[in-house]
Participant: 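Starting off with a structure, shown below.
Numbers here are sequence positions counted from 1. Note that the structure is predicted; figures quoted are calculated from it, not measured.
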Amino acid sequence: MLAEKFYGYCEKLMQDVKRDEMAAMEKASDMIADAVEKSYSFFIHDRGHLIGGELLARAGGAAFVRRLEIPLPDPTLMNPNTGSRKASRLSGDALIARKRIFEAQYIDYAFDVNGIGEGDVLLLNSNSGYGFSAVAIAETAKRKGVKLIVMSSKITSEAITPEGGEKKLADFADILFDNHSPYGDAVFEVDGLDERFWPASGMGAVYIAWPLVMMTVEKLLARGVSPTIFRSVNVPGGPQQNKKVVERYEELGY
């Protein structure tokens, strides 16, 4: 049964992550604790995987975990009801080049709007370990003095050569995690399906990200810093408590 295969795969995945990534977790949690203790921020930017919502504003979750949102606007949505009689004046390489200039400028702007800069820490999760927008985020982070933690699939990142020879996220990382997902991400071969089924990258990311936050909380407590934790909105007093949680975080930065 697929469910049994899933549990067996996840048990091995968890052990592999624990064996191979714990040293990096120690370094990364020190880096995050150092930042949070000084009221700098810890941001997550997730390129379409699981942790983008899993760690944020959850019951029992830490308020110091913040999301860096960079939604790239689609120019085709600017005038959706006025027709499209003329094609773009740009095409091919010229269009790609112009798009990349725009994305780099937009990402720089998004960093400033989100208030992310020198002293902050960013966890950038991208399974492939490349992609122009993701690399532009990494480049911007390093240029602005942000400490960068990258999570990707080592085997996938090493197997891919970006078009044009651009750098990969690993080239910018202060700390690099391997989520241990296979090349192509999907795992199971199933009779009747043309493609492998179930991507492992999300589960690998969670096995890294939650322990990373837990280790950070432990280190903050050991330093006499008590981080603010959310309460479930579904228990009595939850919404009222979380209002205080937000106020406390805004005042202290943790």
Participant: Under the criterion side chain to side chain contact (heavy atoms under 4.5 Å, CB included), I'd like the reasoning laid out for Arg19 against Gln15: C-alpha separation, chi angles, the key distance, then a yes or no.
Facilitator: CA-CA 6 Å; Arg19 179 193 66 223; Gln15 292 303 316; over 6 Å; no

Participant: Compare every heavy atom of Val135 with every heavy atom of Tyr130, then report the nearest pair and how far apart it is.
Facilitator: CA-CG2, 4.3 Å

Participant: Run Val146 and Val121 through side chain to side chain contact (heavy atoms under 4.5 Å, CB included) and show every step you take.
Facilitator: CA-CA 6 Å; Val146 177; Val121 178; 5.7 Å; no

Participant: Restricting to pairs with a member in residues 122-138, which pass salt bridge (Lys or Arg N to Asp or Glu O under 4.0 Å), not counting sequence neighbours?
Facilitator: none

Participant: Do Leu68 and Ile116 pass the side chain to side chain contact (heavy atoms under 4.5 Å, CB included) test, and can you show the C-alpha distance, the side-chain angles, and the key distance before you say yes or no?
Facilitator: CA-CA 8 Å; Leu68 174 62; Ile116 177 170; 4.2 Å; yes

Participant: Who are the side chain to side chain contact (heavy atoms under 4.5 Å, CB included) partners of Ala205, not counting sequence neighbours?
Facilitator: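 Partners of Ala205 under the side chain to side chain contact (heavy atoms under 4.5 Å, CB included) test: Ile51, Asn125, Met151.
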
Participant: Say whether, by atom type as modelled, one donor and one acceptor occur between the side chain of Thr216 and the main chain of Leu212 under 3.5 angstrom.
Facilitator: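 Yes, because the side chain of Thr216 sits within donor-acceptor range (under 3.5 Å) of the backbone of Leu212.
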
Participant: How about Ile155: does its CD1 atom have over 12 heavy atoms from other parts shown lying under 6.0 Å from it?
Facilitator: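 For Ile155, atom CD1 is not crowded (no more than 12 foreign heavy atoms under 6.0 Å).
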
Participant: To the nearest 0.5 Å, what is the distance between OH (Tyr183) and OG (Ser157)?
Facilitator: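 These two atoms lie 11.5 Å from each other.
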
Participant: Which pair of non-hydrogen atoms, one from Ala134 and one from Leu169, has the smallest distance, and what is that distance?
Facilitator: O-CD2, 3.4 Å

Participant: Under the side chain to side chain contact (heavy atoms under 4.5 Å, CB included) test against Ile137, which residue among Phe132, Phe111, Phe172 passes?
Facilitator: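 Single side chain to side chain contact (heavy atoms under 4.5 Å, CB included) partner of Ile137 among Phe132, Phe111, Phe172: Phe111.
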
Participant: Between Tyr40 and Val36, is any pair of side-chain heavy atoms under 4.5 Å apart?
Facilitator: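 A side-chain contact is absent here, since even the closest heavy-atom pair is not under 4.5 Å.
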
Participant: Mind checking ring pair (Phe, Tyr, Trp, His ring centres under 6.0 Å) for Tyr106 and listing every partner two or more places apart, or none if nothing turns up?
Facilitator: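 By the ring pair (Phe, Tyr, Trp, His ring centres under 6.0 Å) rule, Tyr106 matches Phe102.
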
Participant: Got a sec, which residues hit side chain to side chain contact (heavy atoms under 4.5 Å, CB included) with Asp108, two or more places apart in sequence or on another chain?
Facilitator: Asp112, Thr140, Arg143, Lys144

Participant: Are Ser152 and Leu176 packed together at the side-chain level, in the sense that at least one heavy-atom pair is separated by less than 4.5 angstrom?
Facilitator: yes

Participant: Considering only distance and modelled atom types, tabulate donor-acceptor pairs under 3.5 Å from the side chains of residues 245-254, sequence neighbours left out.
Facilitator:
unit_1	atom_1	unit_2	atom_2	d
Arg248	NH1	Ser226	O	3.0
Arg248	NH1	Thr228	OG1	2.5
Arg248	NH2	Ser226	O	3.2

Participant: Can you tell me if His45 and Glu69 form a side-chain donor-acceptor pair at under 3.5 Å?
Facilitator: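 Distance-only check fails for His45 and Glu69.
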
Participant: Going from CG on Leu123 to CD1 on Ile32, what distance comes out if it is rounded to the nearest 0.5 angstrom?
Facilitator: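 Output value for this atom pair is 7.0 Å.
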
Participant: For a side chain to side chain contact (heavy atoms under 4.5 Å, CB included) check, start with the C-alpha distance between Val190 and Leu2, then their side-chain angles and the critical distance, and finish with the verdict.
Facilitator: CA-CA 9 Å; Val190 181; Leu2 277 175; 3.8 Å; yes

Participant: List for me each residue that meets salt bridge (charged side-chain N to carboxylate O under 4.0 Å, His left out) alongside Glu118, sequence neighbours excluded, and say none if there are none.
Facilitator: none

Participant: Report yes if some heavy atom in the side chain of Val150 is under 4.5 Å from a heavy atom in the side chain of Phe177; otherwise report no.
Facilitator: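 Not in contact.
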
Participant: Who pairs with Glu54 by salt bridge (charged side-chain N to carboxylate O under 4.0 Å, His left out), at least two apart in sequence or on another chain?
Facilitator: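 Glu54: salt bridge (charged side-chain N to carboxylate O under 4.0 Å, His left out) contacts with Arg58.
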
Participant: List the atom of Asp120, the atom of Ser41, and the distance in Å for their closest heavy-atom pair.
Facilitator: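 Result for this residue pair: OD1-N, 2.7 Å.
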
Participant: Do you know which two heavy atoms are closest between Thr156 and Gly184, and how far apart they sit?
Facilitator: OG1-N, 3.6 Å

Participant: Can you tell me how far apart OG (Ser29) and CE (Met214) are? Round to the nearest 0.5 Å.
Facilitator: 12.5 Å

Participant: Would Asp185 and Ser201 count as a side chain to side chain donor-acceptor pair (under 3.5 Å) if you check the C-alpha gap in whole Å, the side-chain angles of each, and the deciding distance to 0.1 Å?
Facilitator: CA-CA 6 Å; Asp185 204 359; Ser201 59; 2.7 Å; yes

Participant: Determine whether Tyr7 and Val187 fall in the same hydrophobic cluster, where Ile, Leu, Val, Met, Phe, Trp and Tyr are linked whenever their side-chain heavy atoms lie under 4.5 Å apart.
Facilitator: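 Same cluster: Tyr7 reaches Val187 through Ile, Leu, Val, Met, Phe, Trp or Tyr contacts under 4.5 Å.
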
Participant: Can you list everything that forms a side chain to side chain contact (heavy atoms under 4.5 Å, CB included) with Asp174? Sequence neighbours excluded, please.
Facilitator: Met31, Lys142, Lys147, Leu148

Participant: Does any pair with a residue in residues 192-211 pass ring pair (Phe, Tyr, Trp, His ring centres under 6.0 Å), and if so which ones, sequence neighbours excluded?
Facilitator: Phe6-Trp198, Tyr9-Trp198, Phe188-Trp198

Participant: Looking at every heavy atom in both Ile208 and Glu21, which two are closest together, and how far apart are they?
Facilitator: CD1-CG, 4.2 Å

Participant: What salt bridge (Lys or Arg N to Asp or Glu O under 4.0 Å) pairs are there with at least one residue in residues 25-44, not counting sequence neighbours?
Facilitator: Glu26-Lys219, Asp30-Lys219, Asp34-Arg223, Glu37-Arg223

Participant: Taking all non-hydrogen atoms of both residues, which atom of Ile107 and which atom of Ser133 are closest, and how far apart?
Facilitator: CD1-O, 3.6 Å

Participant: With a 4.5 Å cut-off on side-chain heavy atoms, are His180 and Met14 touching?
Facilitator: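 Met14 vs His180: side chains apart.
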
Participant: Distance check, rounded to the nearest 0.5 Å: Leu220 atom CG versus Phe64 atom CZ?
Facilitator: 6.0 Å

Participant: Taking only residues two or more places apart in sequence, or in another chain, which ones meet Glu158 in a side chain to side chain contact (heavy atoms under 4.5 Å, CB included)?
Facilitator: Lys154

Participant: Taking the basic N atoms (NZ, or NE/NH1/NH2) and the acidic carboxylate oxygens, is any pair closer than 4.0 Å for Lys168 and Asp171?
Facilitator: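 Result for this pair is no, no salt bridge flagged.
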
Participant: Could you go through residues 229-237 and list every donor-acceptor pair under 3.5 Å that involves a side-chain atom there, pairing it with any protein atom two or more places apart or in another chain?
Facilitator:
unit_1	atom_1	unit_2	atom_2	d
Ser232	OG	Asn234	N	3.0

